[in-house]
Amino acid sequence: MSVELTGKHLIAGEWVTGESTFASEPAHGASHDFAMGTPAHVDTAAKAAEEAFWSFGYSSRAERAALLNRIADEIDARGDAITKIGTEETGLPEGRLVGERGRTTGQLRLFASHIEKGDYLDRRHDEALPDRQPLPRPDIKLVQRPIGPVAVFGASNFPLAFSTAGGDTAAALAAGCPVVVKGHSAHPGTGEIVAQAIDAAIKALGFHPGVFSLIQGGTRAVGTALVQHPLIKAVGFTGSLGGGRALFDLCAQRPEPIPFFGELGSVNPMFLLPAAVSARGEEIAKGWAGSLTMGAGQFCTNPGISVIVDGPEADAFAAAATAGLEAVGAQVMLTDGIAKAYRDGRDRVAGASGVQTLLTTTCDLRNATPYLYSTTGEAWLANEELGEEVFGPLGLIVRVKDTAEMVAVAKSLQGQLTCTLHMDAGDTADAQALMPVLERKAGRILANGFPTGVEVSEAMVHGGPYPASTNFGATSVGTMSIRRFLRPVSYQNIPNDVLPADLA
Ligand code: NAP
């Protein structure tokens, strides 16, 4: 299929420009001009989304499932164009973009089958007890209803799966909520072609055009106006702690505060228990080097910290990790800004007291090479800054005196997306001591693996206590993520023919 980049916003079915433009900054290939978003664009899109809600919010689950499946098909039809511009804009390799597209369309199709099953509606019924003493009980039914227009901010590091038609958009559309996406300035062309696919699906199936809009950024005023717009009822965000916190605060300060579902940063610590280290410490180190450098370390689930009991086996682990990381060359990062933030993070870790450098190299501005540092449990516990995320392939080994100090390190952690245990049968008692701490800290705890792959499935939680996310009851990956865009309503003594179709 031939695909043409227009550089325009998609607002309620119309492709529109504005007074000014901004130029994309691709890792390679030609730069393109894109219309700059304004608060006026946000207003038009939000009003159209609200208007669309009166039909879309009451559409059948089968109709919305058809829309999700059609969007997936339209994305696949534009697959080559998406891969081409995606690799240019982000510097991510072609294989990664192809794989991520499969994840994105798979996610859309998974939501289609999920809503058709209907379990997510959590329907409940308290039957009337007219003869109950001292008072009769009314008939009460409960069902989950869509909340209204949702704003979505995609992430730079997943230009497809966490962006324009990513998990937040799929979950919101599945729930029956129209979506206004604020395009990420790191991949505006990728965002536009995906928006073309969504537009084609909406038009083919005859939905209200306000069901979906994409407003390109270019200025922070778009995001600010979007989260403050009175018709927006919730925000899905994947990005940095600083950006997420600023937008979260704006949501809380509105006359009508709204939920802000931000998936932010995490250092994803790994706890290496003694029997596992004795049996296969070097193998774990090699695996860590691979996980830490995958995609230039630009994963929110990147395992930045390894906690290990000090001694000769920790020396061998550090040597194997250094060798594994040394072998990895420079990789291009998503943006100049992310590469600069990576170097700033390196300087912060390298300059902290009690930190020893194991591996450091230099490279060009937009490239990243791995860095490895080591510290003691005592220095970690004295220096909160070491627990802050460095987005990129940077590792820190924390050498603790014993497993009791390992538990103290675990207790000192901020909220995490993941915590990992490397354990053998002989480590069960230590794992049992850590588990109550880890489950208070993280959304996902895993054993004998690496956290960088996040399965899109029924039982997945991609979230966690702040700052991993701004809403610890939610996940942004997997079918449970639909709950963020639903609200329970009770219907008391309402006749069947007046109830929502999902209850009647
Ligand atoms: P980002 O810089 O926070 O940008 C995310 C989006 O928010 C962009 O559209 C950005 O606009 C907008 N934005 C940021 N600050 C804003 C502000 N003050 N006002 C209005 N809009 C604002 O994050 P990123 O570069 O996309 O992603 C990198 C970070 O995301 C890393 O820290 C990583 O750990 C985290 N991340 C987390 C997850 C997760 O699931 N938890 C997944 C991936 C990434 P512009 O386009 O104008 O910059």
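Just follow the structure's listing: the first ligand is 1, and inside any ligand the first atom is 1. What you see below is based on every heavy atom in this structure, not just the backbone, and it leaves out hydrogens, waters and symmetry mates.
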TODO: Examine R220 against ligand 1 and note whether any of their N/O atoms are separated by less than 3.5 Å.
DONE: yes

TODO: Pull out every atom of ligand 1 sitting under 4.0 Å from any heavy atom of E263, numbered as shown with elements.
DONE: 37 (C), 38 (C), 39 (C), 40 (O), 41 (N)

- [ ] State whether a side-chain donor-acceptor pair under 3.5 Å links T418 with N268.
- [x] yes

TODO: Below 4.0 angstrom from a heavy atom of S185, which ligand 1 atoms are there? Numbered from 1 as shown, please.
DONE: 45 (P), 46 (O), 47 (O), 48 (O)

Task: L292 to G304 - nearest heavy-atom pair and separation - done: CD1-CA, 4.0 Å

- [ ] Report yes if some N/O of T219 lies less than 3.5 Å from some N/O of ligand 1; otherwise report no.
- [x] no

Task: Parallel, tilted or perpendicular: rings of F207 and F56 (30°, 60°) - done: perpendicular

TODO: Indicate yes or no: does an N/O atom of L241 lie under 3.5 Å from an N/O atom of ligand 1?
DONE: no

Task: ring pair (Phe, Tyr, Trp, His ring centres under 6.0 Å) contacts in which one or both residues fall within residues 86-111, not counting sequence neighbours - done: none

- [ ] Say whether T452 and S291, considering side chains only, have a donor N or O and an acceptor N or O under 3.5 Å apart.
- [x] yes

TODO: Look only at interatomic distance and state if H184 has a nitrogen or oxygen under 3.5 Å from any nitrogen or oxygen of ligand 1.
DONE: yes

TODO: Using a strict cut-off of 4.0 Å, indicate which atoms of ligand 1 neighbour a heavy atom of K182.
DONE: 8 (C), 9 (O), 10 (C), 11 (O), 45 (P), 46 (O), 47 (O)

Task: Ligand-residue contact atoms, ligand 1 with I338, heavy atoms, under 4.0 Å - done: 25 (O)

- [ ] Any atoms of ligand 1 less than 4.0 Å from a non-hydrogen atom of F153? List them with their elements.
- [x] 7 (O)

Open item on the list: So for ligand 1, is A246 a polar contact partner (N or O within less than 3.5 Å, distance only)?
Closed with: no

Task: F237: numbered ligand 1 atoms lying under 4.0 Å from its heavy atoms - done: 3 (O), 5 (C), 6 (C), 7 (O)

Side-chain atoms of residues 151-166: list all donor-acceptor pairs with protein atoms under 3.5 Å, sequence neighbours left out, distances to 0.1 Å.
unit_1, atom_1, unit_2, atom_2, d
N157, ND2, Q298, O, 2.9
S163, OG, H187, NE2, 2.8

Open item on the list: Is a donor from one side chain sitting under 3.5 angstrom from an acceptor on the other, for E25 and T335?
Closed with: no

Task: Numbered atoms and elements of ligand 1 in range of G243, under 4.0 angstrom, heavy atoms - done: 14 (C), 15 (N)

Open item on the list: How close do L438 and L421 get, counting heavy atoms only, and between which atoms?
Closed with: CD1-CD2, 4.0 Å

Task: Heavy-atom nearest neighbour of atom 2 (O) of ligand 1 within options G244, S469, S240 - done: S240

Task: H462 N/O to ligand 1 N/O under 3.5 Å - done: yes

